[in-house]
Amino acid sequence: MNVEIRPVPAFQDNYIWFVRKEGHPWVVIDPGEAGPAEAVLGEEAPAAILLTHHHGDHVGGAAELARRHDVPVYGPADVAGVDHPLKDGDEVKVAGLTFRVMATPGHTLDHLCYALEGGTPALFSGDTLFSGGSGRLFEGTAEQLFASFRQFDDLPDGTFLCPGHEYTQGNLKFIASLGRSTPALEARRAEVAQLRAEGRPSVPVPLGVERQTNPFLMARTPEELARLRKQKDQF
């Protein structure tokens with residue numbers, strides 16, 4: 001399955017994710033503002049809009065896009081403008097693509113992640129999981145976030161992690177402050193430094209890389225995850 005996945009910058013460090021199967025229109029994920037999305041779409045209407053959670057930098061442009069293009073909006077039931085509310089275990093089948101819906105509380109209580117299934121597996125993780133880090137616990141608990149991460153355990157290592165922010169360099173600096181250094185970490189640091197120096201995104205990144213480098217994802221207990229999250233909040 002020939003699938004294109006494109007991160008489109010918004011605000012200071014957000015990404016709006018565009019996904020499409022060859023010959024089909026885009027699916028737009030977390031359009032925090034409409035302008036950057038419209039610049040990609042031009043006069044083409046997207047097939048659908050998917051939202052991960054209610055924060056404004058992820059949903060702020062959805063209503064304008066939906067109004068202009070008359071397209072369905074999928075996401076948590078409590079998000080204004082969602083006309084196709086989703087729950088854990090649902091499937092979204094649109095424009096030749098299939099997304100498996102995971103309820104992933106922690107950052108917020110309503111957070112959803114979307115696993116793209118098929119020939120190009122990808123995880124659109126919003127603010128639940130970043131490259132090298134995790135979302136802040138604004139509404140949920142470390143126990144909830146830890147359980148949310150366990151839902152990713154069955155995803156293949158080749159799954160592309162597509163998070164909602166460009167936080168990777170800051171997260172890697174935090175990891176360095178913990179005194180952690182492995183060949184996988186050093187390789188990721190070098191890769192990210194080069195990508196960012198060239199003005200390119202550090203994501204998507206294979207989930208297998210995160211399983212070797214991301215201490216939040218590697219935490220063995222909710223208590224360990226809570227300690228890391230507290231340290232990062234104070235970093």
Side-chain angles (χ1 to χ4, degrees), residues 5 7 9 11-15 17 30 52-53 55 57-58 102 104-108 111 113-115 121-235:
I5 299 174
F11 301 114
Q12 183 177 354
D13 52 33
N14 278 75
Y15 285 126
W17 288 93
D30 279 1
T52 61
H53 64 294
H55 286 163
D57 61 325
H58 291 258
M102 303 177 182
T104 54
H107 176 68
T108 63
H111 203 294
C113 291
Y114 299 96
L123 176 65
F124 298 91
S125 59
D127 284 0
T128 292
L129 180 66
F130 301 120
S131 181
S134 78
R136 287 177 179 266
L137 297 172
F138 284 126
E139 297 174 8
T141 65
E143 289 77 11
Q144 287 175 314
L145 187 61
F146 183 84
S148 293
F149 285 169
R150 299 288 69 77
Q151 295 188 67
F152 307 152
D153 287 348
D154 65 342
L155 297 176
D157 279 347
T159 302
F160 288 111
L161 176 66
C162 305
H165 290 269
E166 181 56 68
Y167 287 165
T168 313
Q169 281 190 307
N171 289 336
L172 290 173
K173 288 179 182 176
F174 168 70
I175 296 170
S177 77
L178 301 175
R180 302 192 184 197
S181 179
T182 66
L185 267 170
E186 294 312 311
R188 181 62 174 150
R189 285 193 185 101
E191 177 190 36
V192 171
Q194 181 172 348
L195 287 169
R196 299 307 292 154
E198 295 170 355
R200 297 162 61 195
S202 67
V203 289
V205 57
L207 199 54
V209 172
E210 292 301 306
R211 287 172 173 150
Q212 298 180 67
T213 59
N214 187 331
F216 296 86
L217 189 60
M218 296 161 66
R220 292 161 294 182
T221 64
E223 292 74 22
E224 182 182 351
L225 179 57
R227 286 194 298 272
L228 280 168
R229 191 60 259 173
K230 185 175 180 180
Q231 288 175 285
K232 180 63 166 63
D233 290 343
Q234 298 170 349
F235 179 66

* To do: Mind telling me whether F149 and F152 have parallel, tilted or perpendicular rings, with 30° and 60° as the class edges?
  => tilted
* Which atom of G140 lies closest to which atom of L137, heavy atoms considered -> O-CB, 3.7 Å
* Main-chain N/O of N214 paired with R188 side-chain donor or acceptor, under 3.5 Å -> no
* **Flag side-chain contact, heavy atom, 4.5 Å: Y114 against C162** => no
* Partners of L178 by side chain to side chain contact (heavy atoms under 4.5 Å, CB included), sequence neighbours excluded? -> F174, R180, L228, Q231
* Between S148 and P105, is there a donor-acceptor pair closer than 3.5 Å when you use the side chain of the first and the backbone of the second? -> yes
* E166 (side chain) donor-acceptor with S202 (main chain) under 3.5 angstrom -> yes
* To do: Measure from the side-chain N and O atoms of D30 to the backbone N and O of G126, and report whether any donor-acceptor pair falls under 3.5 Å.
  => no
* **CD (E198) with more than 12 external heavy atoms under 6.0 Å** => yes
* Start with the C-alpha distance between T104 and T128, add both sets of side-chain angles, then the distance that settles side-chain hydrogen bond (donor to acceptor under 3.5 Å, both in side chains), and finish with yes or no. => CA-CA 7 Å; T104 54; T128 292; 3.3 Å; yes
* Would you check if P163 and W17 make a side-chain contact, meaning some heavy-atom pair closer than 4.5 Å? => yes
* Structure fact -> Those residues at least two apart in sequence (or on a different chain) that pass side chain to side chain contact (heavy atoms under 4.5 Å, CB included) with R220 are E224
* Structure fact -> Here the gap from E191 atom CD to T168 atom OG1, rounded to the nearest 0.5 Å, amounts to 9.5 Å
* E210 side-chain N/O to G132 backbone N/O, donor-acceptor pair under 3.5 Å -> yes
* To do: Would you check if L161 and S125 make a side-chain contact, meaning some heavy-atom pair closer than 4.5 Å?
  => yes
* **Under-4.0 Å salt bridge between K230 and D233** => no
* Euclidean distance, T52 OG1 relative to M102 CE, rounded to 0.5 Å -> 13.5 Å
* Got a sec, which residues hit side chain to side chain donor-acceptor pair (under 3.5 Å) with N14, two or more places apart in sequence or on another chain? -> D57
* To do: List the steps, then state whether side-chain hydrogen bond (donor to acceptor under 3.5 Å, both in side chains) holds for D127 with H58.
  => CA-CA 9 Å; D127 284 0; H58 291 258; 3.1 Å; yes
* Structure fact -> Per side chain to side chain contact (heavy atoms under 4.5 Å, CB included), S131 is matched among L172, N171, V209, V205 by V205
* Kindly indicate whether the side chain of T213, heavy atoms from C-beta on, has any atom under 4.5 Å from the side chain of R189. => no
* Starting at CZ of R136, measure out to OG1 of T108 and round the result to the nearest 0.5 Å. => 15.0 Å
* Asked: Are any of the side-chain heavy atoms of L145 and H107 separated by less than 4.5 Å?
  -> no
* **Close side-chain approach of L155 to R211, heavy-atom, < 4.5 Å** => yes
* To do: Could you pull out the closest heavy-atom pair between F216 and G133, with the gap in Å?
  => CD1-CA, 3.5 Å
* Do Y15 and P9 come within less than 4.5 Å of each other through their side chains, counting heavy atoms only? -> yes
* To do: Indicate the atoms forming the closest heavy-atom contact of A122 with I5, along with that distance.
  => CB-CD1, 3.8 Å
* Heavy atoms from other residues, nucleotides or ligands near CD of Q194 exceed 12 (cutoff 6.0 Å) -> no
* Structure fact -> Residues R229 and S134: closest non-hydrogen pair is NH1-O, 2.7 Å
